[in-house]
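Inspection log for the structure reproduced underneath, given as structure tokens.
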Amino acid sequence: MTTLEPVKVGICGLGTVGSGTFNVLMRNADEIARRAGRPLVVEQVGARRDNPDCDLTGINITRDVFEVARNPEIDVVVELIGGYDVARQLVLEAIDNGKHVVTANKALIAVHGNEIFQAAAEKGVIVAFEAAVAGGIPVIKSLREGLGGNKIQWLAGIINGTGNFILTHMSEDGRDFDDVLAEAQALGYAEADPTFDVEGIDAAHKLTILASIAYGVPLQFEKAYTEGISQITSEDIEQADNLGYTIKHLGISCRTEEGIELRVHPTLLPKQRLLANVHGVKNAIEIMGDAVGPTLYYGAGAGAEPTASAVVADLLDVARDMATEHKYRTPYLAFSGINEQGEAAPQVLPMENIVTAYYLRLQAVDRPGVLARVASILSEQGISIEALIQKEATEGELVPIIMMTHRTRESSMNEAIRQLEALADVAGSVTRIRVENLDDNA
Ligand code: HSE
């Protein structure tokens with residue numbers, strides 16, 4: 001039995017996620033009301049056009065999303081229009097009008113989140129964004145609530161379904177990058193601009209948000225190191241496979257003594273790791289807490305109803321939190337760089353400072369002394385080789401040399417690669433893919 005007034009929801013945007021959210025709210029209305037202790041009612045929908053997937057009979061529709069942000073009847077504005085500028089204006093206006101906000105917009109939160117949270121904190125309203133990271137996987141709630149007693153040591157995830165779909169099919173079917181990307185676009189997985197998926201920008205948005213929640217630091221998208229998968233070749237996938245590794249596009253954030261690593265790049269992962277076995281368009285995030293140890297979250301990272309599942313869960317949180325003290329409604333982030341204890345919050349490390357292992361592939365002339373020169377450059381930089389493969393070749397011709405190294409500092413590897421590429425015996429550039437074993441202490 002419900003005793004509280006209904007929560008009145010305004011949905012802005014009726015595309016894939018908007019229509020999914022509308023339909024889940026309608027279909028599961030009784031279940032949702034039972035969990036919230038009050039009904040959640042769609043008071044208004046703001047969308048440029050209707051969506052044939054939704055039965056909008058009796059729903060108040062406007063073509064102007066800002067009308068929703070100004071509607072005095074509405075308690076919560078759900079921003080599902082995507083993009084940066086209009087979405088930012090809409091969210092800030094909704095906050096200014098005292099409305100709670102739920103959004104699935106990772107670009108908006110990663111880039112404008114500090115400003116938005118600050119505005120929400122001043123107004124005492126909630127901004128919830130579970131759907132912004134990994135679609136239907138409740139990873140933000142897991143970090144904030146389920147793992148709330150832990151110091152988070154690191155997290156690593158496959159947080160872009162399109163990229164994982166491409167690498168999976170390149171690996172399983174031996175297909176080319178462009179061919180699989182075209183299929184991912186035809187299936188509707190890719191972002192409007194596929195460079196966001198394949199160059200790691202979408203994953204960096206999501207990683208930025210996860211790291212902020214995990215470590216309580218400001219959102220610092222501009223400091224994330226971002227490298228895409230467009231340079232990965234079938235040869236690298238095959239060589240990695242021979243060495244016992246799978247190439248995955250990972251978002252990785254570690255807390256170290258020196259600061260916080262924030263990086264998205266292709267990564268060799270030992271084949272037996274669960275993350276290495278996340279295939280197709282699925283997402284998964286592994287999180288290491290000091291108390292719980294490693295935990296893994298897996299599921300659909302995109303799609304209408306999986307993402308709606310996260311949006312509606314946020315609406316439930318808002319409905320419950322509306323009855324609580326507003327100072328607890330927004331996550332505490334050290335906006336000023338000073339944490340709640342008055343100490344400097346940890347800084348995001350420059351990429352040169354990170355420590356990891358590497359896979360290297362280079363083309364060298366097969367003649368006496370070449371391997372010695374390559375090994376000597378690595379040794380001078382304090383880099384230890386873990387495995388080395390040189391294919392058979394005719395003397396004097398180019399031959400691929402593949403190496404795996406032990407963990408070393410990125411700056412040492414940059415210098416080693418610079419020297420390797422300057423060798424007369426080495427042709428073209430050196431391919432470098434970072435390797436993560438994700439050991440418990442990594
Ligand atoms: N383009 C994104 C992906 C959709 O492929 O994961 C969800 O953010």
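In each ligand, atom 1 is the first atom listed, and ligand 1 is the first ligand listed.
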Taking 4.0 angstrom as the limit and counting only heavy atoms of [X], give me the atoms of ligand 1 inside it, by number and element.
| X | answer |
| --- | --- |
| A302 | 4 (C), 7 (C) |
| K106 | 7 (C), 8 (O) |
| T162 | 1 (N), 3 (C), 5 (O) |
| G161 | 3 (C), 5 (O), 6 (O) |

Subject >> Separation of K123 NZ from K99 NZ (nearest 0.5 Å) >> reply: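 Between K99 NZ and K123 NZ, I get 10.5 Å after rounding to 0.5 Å.
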Between [Y] and [X], is there a salt bridge with N-O shorter than 4.0 Å?
| X | Y | result |
| --- | --- | --- |
| E436 | R263 | yes |
| D30 | R34 | no |
| R432 | D236 | no |
| D85 | R88 | no |

**OP:** Would you mind reporting whether N164 and K248 have side-chain heavy atoms less than 4.5 Å apart?
**Re:**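 K248 vs N164: side chains touch.
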**OP:** Examine N283 against ligand 1 and note whether any of their N/O atoms are separated by less than 3.5 Å.
**Re:**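 In this structure, N283 places no N or O atom under 3.5 Å from an N or O of ligand 1.
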Original post:
N/O to N/O below 3.5 Å, does that happen between G301 and ligand 1?
Top reply: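 Such a contact does not occur with ligand 1.
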**OP:** Going by heavy-atom distance to atom 3 (C) of ligand 1, choose the closest among I166, N164, N160, I159.
**Re:**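 The nearest heavy atom belongs to N160.
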Original post:
Where's the contact between D197 and ligand 1, heavy-atom distance under 4.0 Å: side chain, backbone, both or neither?
Top reply: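 For D197, only side-chain atoms sit under 4.0 Å from ligand 1.
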